[in-house]
Protein chains: 2
Amino acid sequence: KIDFTQKWMYGGLDSNMLLQYIAWVTYPVVLITFSAGFTQILAPQAVGSGIPEMKTILRGVVLKEYLTFKTFVAKVIGLTCALGSGMPLGKEGPFVHVASLCAALLSKFMAPLFGGIYMNELRNTEMLSAACAVGVGCCFAAPIGGVLFSIEVTSTFFAVRNYWRGFFAATFSAFIFRVLAVWNQEEETITALFKTRFRLDFPFDLQELPAFAILGIACGFGGALFVYLNRLIVECMRKQKTINKFLLRKRLVYPALVTLLISTLTFPPGFGQFMAGQLTQHESLVALFDNRTWCRHGVAEEFDYTSHHHAWKHPQVNVFITLILFIIMKFWMSAVATTMPVPCGAFMPVFLIGAGFGRLVGEVMATMFPDGIHADGSVYPIVPGGYAVVGAAALSGAVTHTVSTAVIVFELTGQISHILPVMIAVILANAVAQSLQPSLYDSIIRIKKLPYLPELGMGHHEKYNIRVEDIMVRDVRYITLISCYRDLQEMLLTGQLKTLALVESSDSMILLGSIERLQLQSLLSFQLGRQRRLEYLRRLAQDNGNHDPLPSLNTDSTPSSPCSHTHINASTNTNARQAVGRWHVPIRRETYSTLTRNYAKMTFTTQEFRSCSVLSSFSLQIAEWEEQQLDEPVDFKNCKIDPAPFQLVEQTSLHKTHTIFSLLGLDHAYVTSMGRLVGVVSLKELRKAIEGSVTVTGVKVRPPLASFRDSGNSTSVSEVTELHKLCIRHRGLSLPREPNCFILYFYYCQQNPMKRPNQKQVCLSLSDFPVLSVAL
Amino acid sequence: KIDFTQKWMYGGLDSNMLLQYIAWVTYPVVLITFSAGFTQILAPQAVGSGIPEMKTILRGVVLKEYLTFKTFVAKVIGLTCALGSGMPLGKEGPFVHVASLCAALLSKFMAPLFGGIYMNELRNTEMLSAACAVGVGCCFAAPIGGVLFSIEVTSTFFAVRNYWRGFFAATFSAFIFRVLAVWNQEEETITALFKTRFRLDFPFDLQELPAFAILGIACGFGGALFVYLNRLIVECMRKQKTINKFLLRKRLVYPALVTLLISTLTFPPGFGQFMAGQLTQHESLVALFDNRTWCRHGVAEEFDYTSHHHAWKHPQVNVFITLILFIIMKFWMSAVATTMPVPCGAFMPVFLIGAGFGRLVGEVMATMFPDGIHADGSVYPIVPGGYAVVGAAALSGAVTHTVSTAVIVFELTGQISHILPVMIAVILANAVAQSLQPSLYDSIIRIKKLPYLPELGMGHHEKYNIRVEDIMVRDVRYITLISCYRDLQEMLLTGQLKTLALVESSDSMILLGSIERLQLQSLLSFQLGRQRRLEYLRRLAQDNGNHDPLPSLNTDSTPSSPCSHTHINASTNTNARQAVGRWHVPIRRETYSTLTRNYAKMTFTTQEFRSCSVLSSFSLQIAEWEEQQLDEPVDFKNCKIDPAPFQLVEQTSLHKTHTIFSLLGLDHAYVTSMGRLVGVVSLKELRKAIEGSVTVTGVKVRPPLASFRDSGNSTSVSEVTELHKLCIRHRGLSLPREPNCFILYFYYCQQNPMKRPNQKQVCLSLSDFPVLSVAL
C-alpha cells in the first residue's frame with residue numbers, strides 16, 4: 001500500500017523533476033526515521049533481525065525484554081514502516097522474532113488457564129523453535145524450507161520430535177498466507193509466490209553443471225564479502241569516536257542519512273535508470289526469474305516486455321551493464337541498510353542480489369552458446385532464469401550458512417526441475433563461505449557480544465587432542481558446608497560466575513552441588529536482614545527488663561522503609577568496623593534499651609533517625625552484631641541447591657565438551673576427578689580454546705600440554721595418582737601419621753568381618769592405641 | 001535384467017498356459033530362496049531392513065557383526081536377488097544399511113592410513129549418519145528428501161553441523177545415480193525418476209483440499225493397520241509353536257511358500273489380470289502418476305494407452321474394481337512379504353499402495369466432478385495423478401512416521417505444485433498413525449528386542465509430573481574402595497548392568513565413578529590368574545629349599561595351555577572348596593615342592609595332569625590360596641574408571657530424563673543426592689515409565705508418589721534432610737558420639753583460624769580429649 005502511494009505520488013508529479021525527486025526521497029526518509037524513533041522509544045530490543053537473539057535464547061540464555069508485549073508492538077509497527085520504505089531490507093528475521101514473540105506471549109497467557117504444561121521450561125523451548133519455523137514459513141509461503149531454515153539458523157542440536165510440530169505450524173501459516181491471496185481475488189488458486197515456467201522436459205544440460213558450480217563458488221566468496229562488509233561498517237562506526245559520539249546523541253540522523261543516500265541513488269530518472277531502481281524487490285525478482293532470455297547474440301531481445309521488464313532495458317546501455325550496476329549498487333546498499341537501527345533482515349536483499357548475479361551469468365552463457373550446449377539434434381536454448389534461481393539460493397545460502405535455501409527456492413518458484421544445479425551451487429557456496437567468515441547471524445551475535453559457542457571447524461585434527469585439563473580454570477570459587485557467612489560475602493563480592501560450587505570441605509573438595517548466586521545473596525541478606533536485626537534488638541530490650549512487645553514492627557514489612565538492611569550495610573558497616581578497630585569503647589548496658597526503643601520509632605520517622613545523636617554508638621552496636629552474624633556458619637536449609645551440576649573429567653576431549661555444551665545448552669561445567677572438584681570450564685574458556693585453533697588469520701595456539709601426553713587407552717597417570725591419594729585419604733581419613741591409618745583400617749575390618757587384613761598390618765596390635773580405638 | 005528375463009520367458013511361452021505359469025512362478029521362488037539361504041549362511045544380520053539396527057547403533061548401542069564385510073557381501077547379493085524376484089519388496093532400508101556398511105568399512109580402512117581423526121568415536125557416528133542420508137538419497141535420487149528422511153528415522157536429536165555433510169554426500173550420490181542413466185543413453189539429461197507433467201497454472205482448486213485431507217486421514221489409518229498387520233504376522237508365527245519349530249528347522253520353506261503364493265496370485269492370465277499383476281513396481285508407479293484421467297463419467301477414457309496403461313484396463317472389469325483389488329491384494333502381500341528373512345525394505349511397496357489409493361480417490365473425484373470444481377469461467381478438470389502423489393506421500397509417511405516423504409515425492413516427480421495438499425495430507429496421516437501405532441521401524445525394533453527408548457507421546461500432561469525418584473531402582477549394586485575380590489566376584493555373578501558404581505564407602509556412599517564389568521572381570525582374573533598362581537607355587541617351592549627356577553614356565557604364555565586359570569577356576573575350585581569344608585586335611589610340607597614340580601611338568605602333559613593321584617590335595621592347596629586371594633582388597637590401579645558417570649537427581653522430571661537419555665545416548669544414569677548414590681535408572685525403567693503412561697489400550701499406570709508431592713520451587717523436604725544428614729556426617733565424620741563431633745569441628749577451626757566456632761561449641765574445652773586432639 002505504501003509502496004503504491006509512493007509510486008502514485010511519483011507518477012503524478014511527472015512534469016517536475018525536482019518535485020518528483022522530493023516525493024521519491026521524502027517517503028522512505030520519513031518512514032525509516034519514524035520506524036527507528038518508534039522502536040528506540042518503545043523497545044530498543046526490537047532493532048535488527050531477531051534471529052541472532054532467538055539463537056541465543058534457544059541456546060538457553062535468558063535475554064531480558066526480548067519476548068515482551070512492548071517488543072512485539074515495536075517490532076510489528078517498526079517492521080511495517082521499514083519494509084514500506086522500499087529500502088533493501090528483508091523481513092525473514094523480524095518475522096521469526098515476531099512469531100517467537102507470539103508464541104511466548106501466547107504461552108504466558110495460556111499458563112494461568114491450563115497450567116502445568118505451559119509452565120514447563122522445556123516445553124517453552126519447543127514452542128519457540130516451532131515459532132521460528134512459522135516465522136520463516138509464512139515469510140516465503142515455504143513450509144518445508146522455512147522449517148529447515150529455522151532449524152539451521154537457530155539450533156545446534158535439533159530434537160526430531162519437534163520436527164513435525166514445526167511442519168504443522170509452518171504448513172498452516174503458509175496455507176493461511178496463500179489463502180488470503182485467493183480470497184483477495186489476486187490469484188485463482190494456491191500457487192508459489194514467484195512462479196517460474198521453465199520447461200520441464202529438458203531443464204538444463206549436463207554440460208552446464210560446471211557453470212553452475214562456478215556460480216556457486218563465486219556466490220560463496222560474495223557471501224563472505226557481504227558478511228565482512230556488514231561487520232566492517234558496524235565496527236568502523238564504533239571505533240571512530242567522533243562518529244560514535246555523534247550517533248549516540250542523534251540516533252535518528254544515521255538512518256535518515258543512509259535512507260537519503262540510497263533513495264537518491266535509486267531515483268529512477270537519475271542514476272536509478274541504470275539499475276532498475278524503480279522496481280521493488282518483488283518486481284525485480286519476478287523479472288529476474290523470467291524464463292525468457294533477455295538478449296541473444298549480445299543484442300537485447302525484442303519480445304513484448306510485460307510490466308516490469310522494460311525497467312531492465314535502457315536505450316543506451318547494454319543489459320549486462322545494467323545488471324552489473326544493479327548487483328554492485330545493491331550489494332553495498334544492502335550491507336549498509338541492514339546496519340540501520342530498525343527492525344529488518346538481510347535475507348531478501350541478499351536473495352535478490354544472488355538472483356541478479358545468477359541472471360548475469362545466465363545471460364553471459366546464453367550469449368556464448370546461443371543455440372544451447374546440447375550436442376544431439378534438438379535445440380535446447382539456455383535458460384538464464386534457471387541461473388537466477390541457482391544464484392539466489394547460493395548467495396543467500398552463503399551469507400546465512402544454510403543449505404535449506406535450496407528448498408526455499410523450490411517452494412518460492414514452484415519448480416524443482418533445477419534441483420541438482422541448485423544443490424551443487426549451494427553446497428559449494430557454503431563450503432567457501434564457511435571457511436572464510438562466520439554466518440551473518442553469528443557475526444551479529446559477536447558484534448552484539450551475546451554469549452555464543454563457535455562451531456568446531458572442519459579438518460582441524462588437533463582439536464581432537466585438546467582436553468579439558470588444558471583449558472579449565474583451576475582456581476575455582478567454592479563454598480564448603482562449614483563456610484561462614486563472611487566467606488559467602490567475600491565470594492559474592494569477588495566472583496563473577498552465575499553459580500558457586502558447594503564442596504564437602506576444603507580438604508576433601510568433594511563436589512556436592514552448585515548454588516545460584518541469587519540464592520546465596522538472599523541467604524546473606526536474610527542473615528543480616530531487617531527481620532533478624534529487629535529480633536536481636538527486641539531480645540536486647542527484653543534482656544534489659546524493658547518488655548516492649550513492638551507488635552507493629554513484627555508484622556511490618558513496608559518496602560519503603562528507610563532502614564532496610566542494604567542501606568545500613570553500605571554506609572554504617574564500614575564506618576563501624578573501623579570504629580571498633582580503633583577505640584572499642586565499652587558501652588553501658590542502659591543504652592541498649594533506649595536505643596532499641598529509639599530504633600523502633602525511627603523506622604517510621606527517617607528524619608529523626610538521621611539526626612539522632614546516638615547514631616555512632618548505635619551503629620557500633622549494630623556493627624558488632626553484624627560481625628557476629630557473619631561469623632556464624634551458613635545454614636543451607638532454605639537454600640535451593642542443584643545437587644547434580646554437570647561434571648566433566650580432565651580427560652574429556654574438546655570435541656566432546658563442545659558437543660555436550662551445545663547439546664545441553666550449558667553455561668559452565670565443573671571438572672571433577674574422582675568426585676573432587678579440580679576446575680571449572682565456562683563458555684568463555686571453551687570459546688577461547690576453539691577460536692585459538694580455528695582462527696584463520698592469527699597464529700594457531702597449541703595448548704601447552706597437548707603434545708606431552710600419550711593417547712593410550714589405559715588409565716592416565718594423573719588419574720591413578722588421584723585414586724591413590726583418595727585411597728590413602730579415605731583409609732586414613734587425611735590423618736598424617738601411619739598408625740592411625742591402620743587403626744581406622746581395623747575399624748573397617750571389624751565392621752566387615754569377612755575381610756581379612758594383610759599380614760603386614762596384623763603385626764601392629766590394637767593395644768598400642770587404646771583410647772583411639774575406643775573413641776572410634 | 002532379471003525382470004527382463006522373466007518377462008521374456010513369460011512372453012515366449014505364449015502358447016502354453018501351464019508352462020507360462022511355471023516360468024512365472026519359478027523365477028521368484030528360486031531367487032528368493034537363494035537370497036534367503038545365502039544371507040542365512042553368510043551373515044544372518046543382513047536380513048531385513050537395516051534401518052531399525054542403524055537407529056539402534058546411532059543411539060550408541062554396539063550391535064555385533066552388523067557392520068562387517070561379510071554382512072556387506074550378504075546384504076548386497078541378497079538384496080539384488082530379492083529385488084529381482086519382483087516381489088513387493090523395497091530397497092530403501094537395505095540401501096541405508098549398505099551405505100552405512102560402506103562408511104564403516106571405509107573408516108576402518110582409513111584409520112591405519114590417516115590415524116587420529118578416523119579413530120574418534122564421535123566422528124564415526126557422524127560418518128554413519130551421513131551414510132544413512134546417502135542410502136536414502138541414492139535410492140530415490142532425492143538428495144534433500146533422503147537426508148531428511150534418514151534424519152527422521154534414525155535420529156532422536158540431530159546435530160545441525162552434520163547437516164551439510166549429509167546433503168553433500170546425498171547430492172553427489174543422487175548426481176552419480178542420475179548421470180549413469182544419462183551415460184547409458186536412457187535419458188537425455190538429469191531429471192526426476194518418476195517425472196510428472198501436471199499443469200502448473202492451476203494444479204488444484206482450493207475446494208479440493210478437504211478431499212486431500214480425508215485422503216490423508218485414511219492413509220493414517222491405513223498406515224497404522226499396515227504396521228499392526230506386519231507385527232501380527234511375525235508374532236503369530238512366533239507364538240504358534242508347531243509353526244515356529246517347523247520354520248526354525250526348515251528356514252527356506254517359509255520364503256519359498258510366501259513367494260509361491262504371491263506370484264501365483266499375480267499371474268497375469270489368472271487373478272493377476274484384475275490387479276495389473278504383470279507390472280513391476282516402477283511401471284505401476286509411472287502409470288499411477290499419469291496426469292490423464294482414466295475414466296470420465298464412469299466410463300474408461302479411450303485415449304491411446306501407452307506401454308503400461310493397458311494393464312489397468314480390463315475389458316470386463318471397471319477400473320475402480322481393478323484399483324481396489326490392486327490396493328487390497330498389494331496391502332497384505334507387502335505386509336507378508338516384508339516378514340521374509342531376506343534383505344528387504346517396506347517403503348517402496350507402501351509408497352505404491354499409497355499411490356494406488358490416491359489414484360482411486362482421484363478417479364472417484366474426477367467421476368463426481370467431471371468438469372472440475374472451480375466456480376469461475378474456465379474449466380480445470382481434476383487431476384487424479386495429483387491425488388496419487390498425495391496418497392503415496394501420506395501412506396509412506398504414516399507407516400514410517402515421517403513428514404519428509406513429502407519432500408521425497410517432490411523430488412521423485414520433479415514437481416512441487418501440489419505442495420500444500422501433500423503437506424496437509426502427510427501431517428494428518430502422521431497425526432493419526434502416531435496416535436495409533438509405533439512406526440514400522442520402531443515396531444521392528446520391538447519385535448527384534450533391540451534396546452530402544454520410546455518417544456514421549458503428546459498431550460500426556462502427567463508425564464511432566466513423574467520424577468526420577470518414582471522410577472529409579474534403589475537397590476544399586478556398587479563396590480567400594482575397600483571392597484575385596486570376593487565382593488567383586490559376588491557382584492559379577494549376580495548383577496546384570498554393564499557397569500558398576502564405585503562409591504567411597506558403604507557408609508558415605510559418595511559416588512566416585514563407574515567401572516565397566518569387563519574391567520572388573522579382568523581384575524578378578526588377574527588376581528586369580530595363571531601368572532600369580534605360578535608365582536605363588538614358585539615361592540612355595542623356594543620356601544621349601546628346592547630352588548627350581550622354572551624358567552620355561554615364566555616366559556610361557558601359550559594360549560593352548562590346558563591349565564589356563566579359567567579351567568582350574570571352573571573345575572577344581574568348586575570341588576576344592578567343598579573338600580576344604582569337609583575334611584580340612586593337614587598337608588605335609590614335603591608335598592608342596594613335589595606338587596610344584598609336578599605342576600610345572602603338567603602344564604605340558606594334560607593326560608598326566610588329569611590322572612595325577614595327588615590332585616585332590618593339590619587342589620586343596622590351590623583352593624586355600626584362592627580363598628586368601630579373594631579376601632585381599634581390590635587394587636584399582638590398573639583399572640579404567642569412568643570418573644564422571646552421568647548423574648541425575650531425584651527431582652529430575654521424566655521429560656528431562658528422556659531428553660538427556662536420548663541426547664547423550666545413555667544406557668543408564670546414577671541418581672545421586674548431594675553426592676551420595678541413591679539409585680540408578682536404566683533404559684528399562686525409563687521405557688516402563690513412559691509406556692506405562694503412553695499405552696493406549698492398557699490401563700494408565702500412575703506412579704505411586706506422583707500425587708503426593710507439591711510442585712513448589714523451594715528445596716524439597718527430602719533434599720533438606722539429606723543435606724542435614726550430610727552436615728552431621730561431615731562434621732562428625734560419621735562417628736556416633738557427640739564429643740568427637742566437636743573435636744573434629746575444632747580441628748577445622750584450627751586449620752581455618754578466620755572462622756570462629758559457635759558459643760555453644762566453645763563451652764566444651766579441648767582438655768577433655770587430650771589423646772584425640774593430639775592424634776588429630
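To find a chain, count down the sequence lines: A is the first, B the second, and so on, and within it residues start at 1. On a predicted model such as this, the values are computed, not experimentally measured, just so you know.
- Note: B:F168 and B:F172 have tilted aromatic rings, judged against thresholds of 30 and 60 degrees for the angle between ring planes.
- Both the backbone and the side chain of B:I151 come within less than 4.5 Å of a heavy atom of chain A.
- Among B:I427, B:V407, B:V426, the residue with the largest count of heavy-atom pairs under 4.5 Å with chain A is B:I427.
- Formation of a donor-acceptor pair under 3.5 Å by the A:Q415 side chain with backbone atoms of A:F410 is not found in this model.
- Contact annotation for A:L428: neither backbone nor side-chain heavy atoms come within less than 4.5 Å of a heavy atom of chain B.
- Most heavy-atom pairs under 4.5 Å with chain B: of the set A:V403, A:N430, A:I424, A:V671, this distinction falls to A:V403.
- With sequence neighbours excluded, no residue forms a side-chain hydrogen bond (donor to acceptor under 3.5 Å, both in side chains) with A:T413.
- Residues forming a side-chain hydrogen bond (donor to acceptor under 3.5 Å, both in side chains) with B:E411 (at least two apart in sequence, or on another chain): none.
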